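Accompanying notes for the structure given below.
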Amino acid sequence: MSDLSYFGRTVKYLVICSLTACMFSLPFQHAFADAQRGKQLFQQNCAQCHNPLRDATGPALYGKENEVPGGRKWIYNWVHNSAAVIASGDKYAVNLFNQWNHVQMPPFPQLSTQDIDDILDYVKQVGDEAKQAAAAPAAGGQQTTTAAPASNNNLLYGIITLVLAIVALILLQVNRSLNRMANEKEGIETPEPVPFYRNKTYIAIVSVVLFLMAGYFLTNAAVNIGRQQNYEPTQPIFYSHRVHAGINQINCLYCHAGAEKSRHAMIPSQNICMNCHMAINSYSGPQLYTPEGKPVDGTAEIQKLYYYAGWDPKQRKYVNAGHPIQWVKIHNLPDFVYFSHEQHVAVGKIQCQICHGPIQNMDVVYQYSDLSMGWCVNCHRTTKVHFTDNAYYSNIFMKYHEELKEGKIDSVTEAMLGGTDCQRCHY
Ligand code: HEC
Ligand code: HEC
Ligand code: HEC
Ligand code: HEC
Ligand code: HEC
Ligand code: HEC
């Protein structure tokens with residue numbers, strides 16, 4: 001055999017390699033694009049005690065992976081079971097525990113190292129962005145989405161995939177020409193090559209790939225239309241739930257009285273704010289920051305409230321009718337879904353935080369649950385209702401009362417009461 005056909009085989013080998021590389025780079029895109037997932041995991045598991053940038057119940061997490069002995073590996077062990085790390089006599093851990101007055105961080109054995117990596121990537125992203133924002137003179141000052149670096153990664157891997165695919169195509173062409181040359185040399189007639197855009201195999205492969213990709217993105221996009229988990233809009237006043245419901249322990253129902261007695265929890269009017277803020281005209285609590293890490297002046301925010309309420313703090317009286325505060329609505333179910341707070345809060349005795357997350361630790365409220373149908377239905381399937389100790393059920397569903405007494409069943413779920421029937425939630 002000639003050198004040329006040997007070369008041809010090498011080219012073929014290279015083609016296969018680059019195609020394989022293309023395929024493998026696809027799943028990688030996911031691994032790297034997951035700072036967004038990290039944000040969610042952080043908010044669900046860590047946010048009630050940690051802030052990326054400043055100390056709270058626990059230390060600020062930004063940059064810690066470079067400080068702890070053993071980097072991320074140490075952090076995996078720590079997060080899985082910090083008590084075990086302290087008990088092992090690890091000097092750094094024991095010191096830390098003493099510094100933080102023996103507050104025990106709960107163990108998170110359910111988080112995989114990938115989960116923890118995502119959390120740490122998210123923390124790093126927030127910290128890096130805050131640093132950049134501090135370095136650059138305040139430009140614009142509007143909400144920027146934190147997803148930017150994740151999509152940059154996506155773009156990068158997309159480009160790499162494309163380049164590899166083009167290289168593969170070029171190599172295929174080279175391979176074909178070389179084969180032809182080899183054949184000609186040996187005097188074998190080769191048919192005129194079909195250009196690639198008329199080559200049936202190429203067309204078939206490209207159509208199938210496009211079809212699959214389009215299908216995948218369309219379904220995903222369609223399922224998520226109207227959903228907005230983690231939505232965290234900028235509000236007209238920087239009103240912090242952490243300051244009010246957390247630090248100052250104001251009851252949720254003081255402001256959201258509707259939650260116990262109607263469908264809607266309702267947003268309080270400025271009169272309710274003024275009950276306290278006629279007297280409280282400055283803010284001296286812990287320094288507040290926007291989600292991007294910019295400092296907030298609490299006293300100036302209270303002045304905004306005075307503007308909306310039409311209150312003159314110098315004369316200590318209302319001087320005009322004020323202007324309604326246009327709070328941006330965060331949670332929003334579609335119109336065809338019936339949901340009542342009263343049913344869940346007063347009858348079901350479900351805590352606000354189960355559905356809304358650790359609101360009392362949020363400076364800026366974000367949507368914690370995805371509010372999908374699966375979310376509602378799963379809870380109805382698994383949650384045991386307060387059945388025997390509930391006046392609401394004392395005279396209905398007698399069958400279940402009897403079965404409970406006879407020990408046939410040990411609990412009643414909302415699904416057993418019809419909570420998965422379509423018409424309960426849709427009308
Ligand atoms: C209930 C509060 C609480 C929660 C929830 C919590 N932590 Fe902690 N964390 C602490 C405290 C307090 C410390 C300081 C050490 C101590 O007292 O145990 C700490 C320390 C740490 C440290 C070491 C920091 C340093 O200075 O070296 C890391 C890393 C950490 N936490 C990560 C996490 C992650 C990741 C999560 C979420 C999966 C989480 N923590 C959830 C309270 C908490
Ligand atoms: C002092 C009054 C006050 C208290 C106390 C308070 N809130 Fe709020 N809440 C507000 C205001 C004002 C808004 C609208 C601005 C915003 O979203 O931050 C709001 C917004 C919300 C939202 C988002 C509403 C939307 O647009 O979808 C939820 C959920 C919520 N609060 C839950 C709670 C829970 C749970 C508690 C108790 C832990 C609580 N609130 C305590 C005043 C209060
Ligand atoms: C079973 C889950 C669940 C519980 C428990 C719950 N909420 Fe909600 N909440 C929701 C859903 C779903 C919405 C969106 C409702 C809509 O768009 O019609 C919502 C919306 C809100 C809003 C926005 C305004 C409104 O009424 O639509 C506020 C404020 C609020 N909840 C506060 C609270 C407070 C305070 C509590 C606890 C006393 C609480 N929620 C308990 C699920 C829950
Ligand atoms: C039950 C009393 C009470 C009510 C009602 C109340 N606040 Fe406050 N507010 C406080 C206290 C206490 C502080 C903290 C003062 C301090 O630490 O110096 C505060 C601080 C603030 C601050 C500065 C810190 C921050 O969160 O940015 C703003 C702005 C504010 N309130 C706005 C509002 C608005 C808007 C409402 C109505 C939705 C409201 N408050 C209702 C008691 C109240
Ligand atoms: C955290 C768990 C949980 C979630 C999430 C939840 N529910 Fe429920 N739901 C309950 C429980 C528990 C009850 C029964 C309360 C009772 O009557 O004791 C209930 C009752 C109801 C009922 C009354 C059913 C009846 O028996 O007539 C409706 C309607 C309903 N839920 C709709 C929804 C919708 C819509 C959503 C999602 C937007 C939702 N729920 C999310 C736990 C939940
Ligand atoms: C516990 C409450 C609940 C029950 C029971 C329920 N749904 Fe839903 N459904 C919802 C909610 C909430 C949404 C809105 C989801 C969203 O916005 O993503 C929804 C959305 C839908 C949609 C719109 C498609 C979509 O995903 O947005 C259809 C169709 C639907 N439901 C059909 C049904 C049928 C059929 C049944 C009975 C087998 C049923 N639902 C039972 C709560 C419920």
Side-chain angles (χ1 to χ4, degrees), residues 30-128 130 146-147 149-150 229-230 232 241-242 245-246 291 350-370 372 374-375 378-379 382-383:
H30 283 279
F32 283 91
D34 274 355
Q36 196 59 16
R37 187 169 164 269
K39 175 175 185 180
Q40 199 179 329
L41 285 167
F42 179 84
Q43 284 169 343
Q44 278 166 9
N45 298 298
C46 324
Q48 68 261 45
C49 300
H50 289 289
N51 183 292
L53 302 173
R54 67 205 106 95
D55 291 349
T57 310
L61 291 184
Y62 180 56
K64 277 294 177 312
E65 54 188 293
N66 308 322
E67 282 173 34
V68 300
R72 288 201 171 187
K73 222 165 148 201
W74 185 91
I75 295 184
Y76 301 151
N77 292 332
W78 173 266
V79 173
H80 285 149
N81 190 344
S82 68
V85 179
I86 296 166
S88 78
D90 181 299
K91 238 195 194 148
Y92 179 89
V94 173
N95 267 340
L96 186 69
F97 190 54
N98 290 337
Q99 262 171 29
W100 287 85
N101 296 324
H102 297 219
V103 176
Q104 187 83 61
M105 171 167 139
F108 295 91
Q110 76 278 17
L111 293 180
S112 68
T113 52
Q114 177 68 53
D115 292 340
I116 299 172
D117 277 337
D118 288 347
I119 292 174
L120 294 174
D121 288 346
Y122 164 68
V123 166
K124 188 164 170 338
Q125 184 184 314
V126 173
D128 288 346
T146 44
Q229 192 171 19
N230 293 329
E232 189 181 40
H241 274 77
R242 183 166 63 98
I350 302 173
Q351 287 205 322
C352 317
Q353 281 82 351
I354 303 233
C355 298
H356 292 299
I359 293 267
Q360 71 286 358
N361 295 326
M362 295 180 195
D363 283 325
V364 179
V365 178
Y366 60 86
Q367 183 176 319
Y368 174 83
S369 304
D370 67 359
S372 67
W375 174 71
N378 278 341
C379 181
T382 52
T383 307

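Computed from a predicted structure; not experimentally measured. These numbers come from the heavy atoms of this one structure, side chains and all, not from hydrogens, waters or symmetry mates. Just so you know, residue 1 is the first one in the sequence shown, and it goes up from there.
In this structure, Trp78 and Val68 have side chains that are not in contact, with every pair of non-hydrogen atoms separated by 4.5 Å or more. For the pair Phe108/Gln110, a side-chain contact is recorded, criterion being any heavy-atom separation below 4.5 Å from C-beta on. Using a 4.5 Å heavy-atom threshold, the side chains of Ile116 and His80 count as touching. Considering only heavy atoms from C-beta on, Ile359 stays 4.5 Å or farther from Cys352 through its side chain. In this structure, Pro52 and Leu61 have side chains that are not in contact, with every pair of non-hydrogen atoms separated by 4.5 Å or more. Contact check for Met105 versus Phe97: no side-chain heavy atoms found under the 4.5 Å cut-off. Residues Gln43 and Tyr366 meet the side-chain proximity criterion, which asks for heavy atoms closer than 4.5 Å. Using a 4.5 Å heavy-atom threshold, the side chains of Val94 and Lys91 count as separate.
Donor-acceptor pairing under 3.5 Å is recorded for the side chains of Tyr62 and Asp128. Inspection of the Trp74 and Asp90 side chains reveals an N or O donor paired with an N or O acceptor under 3.5 Å. In this structure, a donor-acceptor pair under 3.5 Å is present between the side chains of Gln114 and Asp118. Between the side chains of Gln360 and Gln353, at least one donor N or O sits under 3.5 Å from an acceptor N or O.
Scanning all heavy atoms of the two residues, the minimum distance from Asn361 to Ala47 falls at CB-O, 4.4 Å. Nearest heavy-atom pair, Ile354 versus Tyr368, reported as atom, atom and distance to 0.1 Å: O-CE2, 4.1 Å. Listed here is the closest heavy atom pair of Gly38 and Tyr122: C-CB, 3.8 Å. What you find for Leu120 and Arg72 is that their closest heavy atoms are CB-NH2, 3.6 Å.
Side-chain N or O atoms of His50 include one that pairs as donor or acceptor with a backbone N or O of Pro59 at under 3.5 Å. Remark: side-chain polar atoms of Gln367 are paired, donor with acceptor, to backbone N or O of Ser369 under 3.5 angstrom.
Note that NZ of Lys39 is 15.5 Å distant from CZ of Arg37, once rounded to the nearest 0.5 Å. Expressed to the nearest 0.5 Å, how far CG of Asn51 lies from CG of Asp363 amounts to 8.0 Å. Between the OG atom in Ser88 and the CG atom in Asn81 there is a gap of 10.0 Å [rounded to 0.5 Å]. Between atom CG of residue Leu111 and atom CG of residue Asp117 there is a gap of 11.5 Å, rounded to the nearest 0.5 Å. Atom CD1 of residue Ile119 and atom CD of residue Gln40 lie 11.0 Å apart, to the nearest 0.5 angstrom.
Among residues two or more places apart in sequence or in another chain, the ring pair (Phe, Tyr, Trp, His ring centres under 6.0 Å) test is passed with Tyr76 by none. With sequence neighbours excluded, no residue forms a side chain to side chain donor-acceptor pair (under 3.5 Å) with Asn230. Scanning for ring pair (Phe, Tyr, Trp, His ring centres under 6.0 Å) contacts around His241 gives Tyr239, with sequence neighbours left out.
For Lys64, the NZ atom is densely surrounded, since the number of other residues' heavy atoms within 6.0 Å is greater than 12.
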I would like to know whether Glu232 and Met362 meet side chain to side chain contact (heavy atoms under 4.5 Å, CB included); could you show each step before the answer? CA-CA 11 Å; Glu232 189 181 40; Met362 295 180 195; over 6 Å; no
